[in-house]
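Report on the following structure.
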Amino acid sequence: MEGLICSKVPFQAVPSISSRPRSLIPPTQLIVRKRNSLSAFSVRAQMESKEGSATVATSSESVADALKIKEWEVAMFQDEVAASQGIRIRRRPQTGPPLHYVGPFEFRLQNEGNTPRNILEEIVWNKDVEVTQLKERKPLGKLKKELENAPPARDFLGALRAANERTGLPGLIAEVKKASPSRGILREDFDPVEVARSYEKGGAACLSVLTDEKYFKGSFENLEAIRNAGVKCPLLCKEFIVDAWQLYYARTKGADAVLLIAGVLPDLDIKYMIKICKMLGLTALVEVHDEREFDRVLGIDGIKLIGINNRNLETFKVDISNTKKLLEGECGRIVRERGIIMVGESGLFTPDDIAYVQEAGVKAVLVGESIVKQSDPGKGISNLFGKDLN
Ligand SMILES: O=C(O)c1ccccc1NCC(=O)[C@H](O)[C@H](O)COP(=O)(O)O
């Protein structure tokens, strides 16, 4: 089936705009626009039905109305594109179609539910609001100026590779995580710099620092404090990226890597963000959870680091066999052939768990709960690996 990289079985096509009766769908020519885009270029969708253009503006007021209608339609179109890629996480709905809307998406007026269907969707909708507010306070132009004073980006990928070659074990990305939606508070006496220093002493190759405040009790202040405390491990800004503006923001706060979640971002967004990461010197950890996401990501150029999350971020179910399942197929062969570094993420508690995912083919692991809740997190690392990593 067109576009499949490693999955032999054609995916169950997700009903999308292209599967609707043709009469409903006017030919569209979309010049890319992203919701919450960098707005470096205006976004305009030329939606033309057979009966002629959907909107013809004649006065300044109707120009504004026409633009509002087009922006709403672009947002709807983006949702259709995401759904056609099997992405179940919807973006925060627009405030609703413009008054008296008549256009190709009018059937969407039936309320599809304006409340999140699971925690990941809730996190993403909340992030959309957060980022919109942050962008108003700190426009991209101001961020770009701050980039000039940002600390230099460090080699996140190189640190993982070096650790794996030195110890023969997966390189550890140790997560500075106070709490999570699935487990609540993990560590009451939480000093992010102390945890980070303990991880570094325990042999972590890199650190992952939660920066989401509402659901993980993390912050960008934690990321900056760890960076400014002189911790040498390269830092992953563990954030829910929904807008390229966040990449610039993470870099100005001292991040060396960012997380791009395939279950949230359509292919075009990932492609675009990979290019921006390269320009900023950021390493992109692209995260998948199932074969369809893995297949999509392997179709995107420039990806050198892929994480398999054993946690289903919609149901919280954790199963480390997910890593084995996804790497034993064609996707695993392609990854090995391309020299892509694989990271096993979530649900790793014992040396047997580490051995299991290493046997499956990962060269790095991302671990939070099992080490952050130890009284001495650095000692927790030795217990996790069954040996001193130093
Ligand atoms: O951990 C959660 O409850 C969670 C819920 C929704 C979205 C993301 C979530 N966690 C992010 C992670 O994937 C983990 O923090 C990371 O992989 C470490 O997992 P663990 O070692 O099991 O703490």
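Note that this is a predicted model, so its numbers are computed, not measured. Every number for a ligand or one of its atoms is a count from 1 in the order of the listing.
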Legend entry - Closest approach of any protein heavy atom to atom 17 (O) of ligand 1, naming residue and atom: Ser346 OG, 2.6 Å
Inset, instruction - Report yes if some N/O of Gly347 lies less than 3.5 Å from some N/O of ligand 1; otherwise report no. - result: yes
Legend entry - Leu348 near ligand 1 by a heavy-atom separation under 4.0 Å: no
Legend entry - Nitrogen or oxygen atoms of Ser182 and ligand 1 under 3.5 Å apart: yes
Legend entry - Which residue and heavy atom of the protein sit nearest atom 5 (C) of ligand 1, plus the separation: Phe316 CE2, 3.6 Å
Inset, instruction - Could you check if a side-chain atom of Arg296 sits within less than 4.5 angstrom of a side-chain atom of Ile87, using non-hydrogen atoms only? - result: yes
Inset, instruction - Determine which pairs satisfy disulfide bond (SG atoms under 2.5 Å apart) with at least one residue from residues 248-337, sequence neighbours left out, and list them in order. - result: Cys6-Cys331
Inset, instruction - Decide whether the shortest distance between a heavy atom of Phe216 and an atom of ligand 1 is less than 4.0 Å. - result: yes
Inset, instruction - Answer yes or no for Leu313: is there a heavy-atom contact with ligand 1 below 4.0 Å? - result: yes
Legend entry - ligand 1 atoms in contact with Lys177 (distance to a heavy atom under 4.0 Å): 1 (O), 14 (C), 15 (O), 18 (C), 19 (O), 20 (P), 23 (O)
Legend entry - Those atoms of ligand 1 less than 4.0 Å from some heavy atom in Val367: 21 (O)
Legend entry - Side-chain donor/acceptor of Tyr199 to backbone N/O of Glu175, under 3.5 Å: yes
Legend entry - is_close_aromatic(Phe220, Tyr249), centroid dist under 6.0 Å: yes
Inset, instruction - Could you tell me whether Gly368 and ligand 1 have an N or O pair separated by under 3.5 Å? - result: yes
Legend entry - Candidate with minimal heavy-atom separation from atom 16 (C) of ligand 1, of Glu175, Glu345, Glu369: Glu175
Inset, instruction - Return yes if some donor-acceptor pair links the side-chain N/O of Arg197 with the main-chain N/O of Val193 below 3.5 Å, else return no. - result: no
Inset, instruction - Measure Asn309 to ligand 1 on non-hydrogen atoms and call it side chain, backbone, both or neither using the 4.0 Å cut-off. - result: side chain
Inset, instruction - For side-chain contact (heavy atoms from CB on, under 4.5 Å), just list the numbers for Lys379 and Gln374, CA-CA rounded to whole Å, side-chain angles, deciding distance to a tenth of an Å, and then say yes or no. - result: CA-CA 8 Å; Lys379 184 92 182 63; Gln374 303 300 325; over 6 Å; no
Legend entry - Flag for Asp376-Ser198: side-chain donor and acceptor within less than 3.5 Å: yes
Legend entry - ligand 1 contacted by Lys238 (non-hydrogen, < 4.0 Å): yes
Inset, instruction - Would you check whether Arg183 has a nitrogen or oxygen atom less than 3.5 angstrom from a nitrogen or oxygen atom of ligand 1? - result: no
Legend entry - Ligand-residue contact atoms, ligand 1 with Leu366, heavy atoms, under 4.0 Å: 16 (C), 17 (O), 18 (C)
Inset, instruction - Decide whether Thr323 and Asn310 meet the rule of one side-chain donor and one side-chain acceptor closer than 3.5 Å. - result: yes
Legend entry - Heavy atoms from other residues, nucleotides or ligands near CZ of Arg166 exceed 12 (cutoff 6.0 Å): yes
Inset, instruction - Mark yes when over 12 heavy atoms from residues, nucleotides or ligands other than Glu359 sit less than 6.0 Å from its CD; otherwise mark no. - result: no
